[in-house]
Amino acid sequence: MNVEQQINLLREELRKHNYNYYVLDNATISDYEFDIKLKQLQQLEDAYPEFYDTNSPTLRVGGEITKNFNTVKHDFRMYSLANSYSKEDLEDWETRIKKLVDGDVEYTCELKYDGASISLTYENGNLLRAVTRGDGYQGDEVTTNIKTINSIPLKLKGDYPPRFDIRGEIVLPFEGFNKMNEERMEAGEEPYRNPRNTASGSLKLQDSSEVAKRPLDCLLYHIVGEKLPIETQFESLEKARNWGFKVPEIAKLAKNISEVFEFIEYWDEHRHELPYETDGVVVKVNSLYQQEELGYTAKAPRWAIAYKFKAEQEATVLNEITYQVGRTGAITPVANLEPVELAGTIVKRASLHNADQIEKLDIRVGDTVFVEKGGEIIPKIVGVDLDKRPINSTPTKYITHCPECQTELVRQEGDAKHFCPNADGCPPQIIGRIQHFISRKAMDIDGLGSETVALLVENNLIKNYSDLYELTVEQILPLERMAEKSAENLIAGVEASKIIPFDRVLFALGIRYVGETVARKLAKHYKNIDALANASEEQLINVDEIGDVIAKSVIEFFSSEENRNTIQRLKSFGIKLEISEEELAGQTNKLEGETFVVSGVFHKVSRNELKQLIEKNGGKVSSSISKKTSYVVAGDKMGPSKRAKAEGLGVPIISEDDFLLMIS
Ligand code: AMP
Ligand code: ZN
C-alpha cells in the first residue's frame, strides 16, 4: 500500500468511527485507538502535504483562527417561521392551506430545536461551506468552526445530489452546557445563561480549537437545492439520514391535523426527557409539490408553522431571600421558595441574579411569585402576583454588609453584582479560593477534598493556599475523622502538586477572569510570574485575546501585598512559577507582532512545523490573507487566488528559506 492509499484508508476509517459515535451514538472503537489512528493520520499528512484534504478528519480538532468572518449570500433564502400558540391557531392555518391546494394534506411534525440555525452547502459530497442565518439573505461564513462539530459529516455517503444546501440547528446539549458552566464557575466567571446563546456565540469564536472543545451538536431538518430527487419532507429527512446527517428519529408523519395534535401533546409532556432544548413543534406540509404551490409570505413559508410550547410556569411563595458569597466575593441573592413542581422537578430555590433584578420586579418576601423554567437551567422568577401580596409587605432592602463577615459591600461601576471586599478575612472566600486551588484542573491535589479544606480553615491550620505546603501529619491527625493513612495521603498529595506546570499554577491562583485558557495564554506570553506581575495594563491588553477586564483584574491581583507574599511563599516551596526549560527551548520573540499566512507545500519543514515555528517565535498564524497579514509564506502549489490576493494587498510573499532565515 502506498502512502496515498494509507492516508485514504485512515481517513475512511476515522470517518466511519466518528459517524458511528457521534451520529448513531454507537461507539465502534475505543477513544484510545481512535486517538492513535488520528495521530497516525496527522503524521502522514504533515509528512506528505501534497495529500492535503480540506475535509480530513484531522481538521476536527480545530486550530485555525478567523479574525473576520466573511459575509456570504445564501443561494436560497433562509426564512423565518410563523408562530402559533393554540389548537385554534393551527386549525386556522389548516383552513388557509386547504383553500390554496387541492387534495389531502399530510404533515411532517418535527421538534423545534432551540439553538443557532446554520446552512451547510455540500458539493460532490464534500462540505463546502457553512453559513449562519444572518438576516436570512446573507450570513457569516463559519466553516472552520463548523468542521469541529463531530456530528456534521465532512464527506457524505450514499446517493447524495451533486450540490445542495442543508439546514439545521446547532445545539448545545444540557450535559455539555452544565459542564462548561461548572468550569466557568471554577474560574470565578459568570455562568452562561442558556444553551442557545452559548451555542450561537460559539459559532463566532475566533479560535476554532476553542469551538472544538465545546460539545456542540447539529440536528438537521431541511434540504434545499435545484432538481432534487425528493418528493416529500418526510422522505428528505430519511435521505439526509442515509447520507450521514444527524436527523432526530422523533419526526413523524401525520395524516391529518388531529394526528398533529397528538404529536404536540405527547412532546409537550415528554420534551424534558430530551438531551437538548426544544421550544415547540414545527409542522410542515409533507408534499414538496404542495409546498411549492403554497409558497412564501414576505417572511415565512406558508407551508410550515411553529407551535410554541408554553413556558413552564408555576406560582409559589417566596419564603426568604438569602445571599451567597462566592470565592471571588461576588454576592448572589437566592430565592428560597415554597417547594413547587416545575417541568418534572421540585424547585426550592431560584436565582435572583442581583439587586437590580429584585428592584425591577419589586420582589418581596411573602410574595407569591411566578417561577419559570425556560431556556435557563436554573429556574428564575419572572414576576409577582400583586393581588396576593400581603398587606404588611415592605420592599426588599438589599443587604449592605456581607452575610458571612459583616464587611460593607461594594459595587463597582458597570458591575451588576455586589462584592465583599474582605478577600482575606471572609470565610467562604478563603475556603473557596483554596478549594479552587486544589481542584482537578488546577493543582489537582489528591487526598484533599473540599470538606477537609473547610475543616482545615476552621481549625486555623491554613488561611491561604500557600499554607498547605507547611502542613504536617501531626497537625492534621487530631482533626475529626482523619486517619493516619489519609493524613499521609494528604501531605503526599500536596507534595506531588509541586510538579504542576506554570500555566495550571497560574489558573490555580484564582485571579478573577483568569480561567484555564487565559492562564495558558498568559503563561506562554510572560513565561514567569514576575514578568506577569510587572506587566502594565497596556502591555496586558496587547497580549492576544486579553481584554481590559482581564488586564485590570490581573493588575489588581498583583497590586495586593498579601498576594505578592503568597507568591513569594509558593516560590520558596518550589511551586512552578515559570515555564520549564523544555517548554522554553527554541522560544523567541523574533516574530512578535507579525501575522503569517502559510500556503502551499514545503520541503524542509512540514506545514504544521512551520506554523509551530511561527508561534514559537512569537508570531501569529492566520488562515486568510488580509490587510493585517505581515507575510505570506509560500510553498509549491500555492493557490493562484491567494497569490493574487496577497499581491493585491501588497503583502510580501516569502519562501520557506526566507522564513527560516528570518528566525535563524
Ligand atoms: P423563529 O426564529 O422563531 O422565526 O423560528 C424559525 C427558526 O426555527 C428557524 O430559523 C430554525 O432555525 C428553527 N428551527 C428549529 N427546529 C426547526 C425545524 N425542525 N424545522 C425548521 N426550523 C426549525
Ligand atoms: Zn465577606
Side-chain angles (χ1 to χ4, degrees), residues 74 76-85 107-120 130-137 139 165-171 195-197 199-200 203 217-224 233-234 236-237 240 245-252 260 263-264 267 271 274 276-286 291 296-301 303-309 323-332 375 399-410 417-433 457:
H74 294 295
F76 304 89
R77 182 173 157 195
M78 285 179 90
Y79 284 89
S80 218
L81 281 173
N83 283 326
S84 63
Y85 301 90
Y107 304 94
T108 300
C109 303
E110 296 163 36
L111 286 179
K112 188 163 187 289
Y113 321 112
D114 206 7
S117 41
I118 193 81
S119 183
L120 310 171
V131 184
T132 62
R133 176 177 147 139
D135 63 2
Y137 296 97
D165 286 359
I166 185 163
R167 270 103 195 237
E169 207 78 359
I170 308 287
V171 296
R196 188 202 34 225
N197 292 352
S200 76
L203 299 187
D217 206 345
C218 181
L219 310 170
L220 294 132
Y221 48 70
H222 188 202
I223 300 176
V224 278
Q233 167 65 10
F234 197 72
S236 77
L237 297 179
F245 293 103
K246 188 161 187 173
V247 178
E249 304 271 355
I250 288 161
K252 227 183 135 188
V260 171
F263 183 88
I264 290 175
W267 284 108
R271 64 191 170 111
L274 295 167
Y276 43 78
E277 247 179 307
T278 55
D279 62 346
V281 166
V282 184
V283 188
K284 299 173 184 170
V285 168
N286 192 41
Q291 283 192 6
Y296 296 81
T297 68
K299 277 209 273 193
W303 46 263
I305 194 162
Y307 172 89
K308 292 270 185 146
F309 292 133
Y323 298 85
Q324 275 177 355
V325 187
R327 79 168 156 85
T328 58
I331 308 288
T332 306
I399 48 168
T400 52
H401 291 74
C402 176
E404 302 279 348
C405 74
Q406 283 68 49
T407 305
E408 191 170 352
L409 300 179
V410 293
K417 293 212 155 184
H418 286 70
F419 278 84
C420 166
N422 183 18
D424 304 318
C426 184
Q429 294 189 57
I430 297 172
I431 295 171
R433 276 195 304 270
V457 173

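When a residue number appears, it is its place in the shown sequence, counting from 1. Counting starts at 1 for both ligands and their atoms, following the listed order.
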Next item on the list: Indicate the atoms forming the closest heavy-atom contact of C405 with C420, along with that distance.
Entry: SG-SG, 3.6 Å

Note to self: Between E110 and Q233, is there a side-chain donor-acceptor contact under 3.5 Å, judged purely by atom types and distance?
What the structure shows: yes

Next item on the list: Verify, without hydrogens or angle tests, whether R196 (side chain) and E277 (backbone) share a donor-acceptor contact under 3.5 angstrom.
Entry: no

Check: Do the rings of Y79 and Y296 sit parallel, tilted or perpendicular, given the 30° and 60° boundaries?
Finding: parallel

Checklist line | For A82 against I305, the heavy-atom pair lying closest together | finding: O-CG1, 3.5 Å

Next item on the list: With a 4.0 angstrom cut-off on heavy atoms, strictly below it, pick out the residues next to ligand 1 and order them by chain and number.
Entry: S80, L81, E110, L111, K112, Y113, S117, R133, E169, Y221, V282, K284

Check: Where is the tightest heavy-atom contact between R133 and S117, given as atom of each residue plus distance?
Finding: CD-OG, 3.3 Å

Notebook entry, point to check: Of the non-hydrogen atoms in V131 and I118, which two are nearest, and what is the gap between them?
Noted result: O-CD1, 3.5 Å

Check: How close do T108 and L237 get, heavy atom to heavy atom, and via which atoms?
Finding: CG2-CD1, 4.0 Å

Note to self: For the Zn ion (ligand 2), what is the number of protein N, O or S atoms at a distance under 2.8 Å?
What the structure shows: 4

Note to self: Students often mix this up, so state it plainly: with edges at 30° and 60°, are the rings of Y307 and F309 parallel, tilted or perpendicular?
What the structure shows: perpendicular

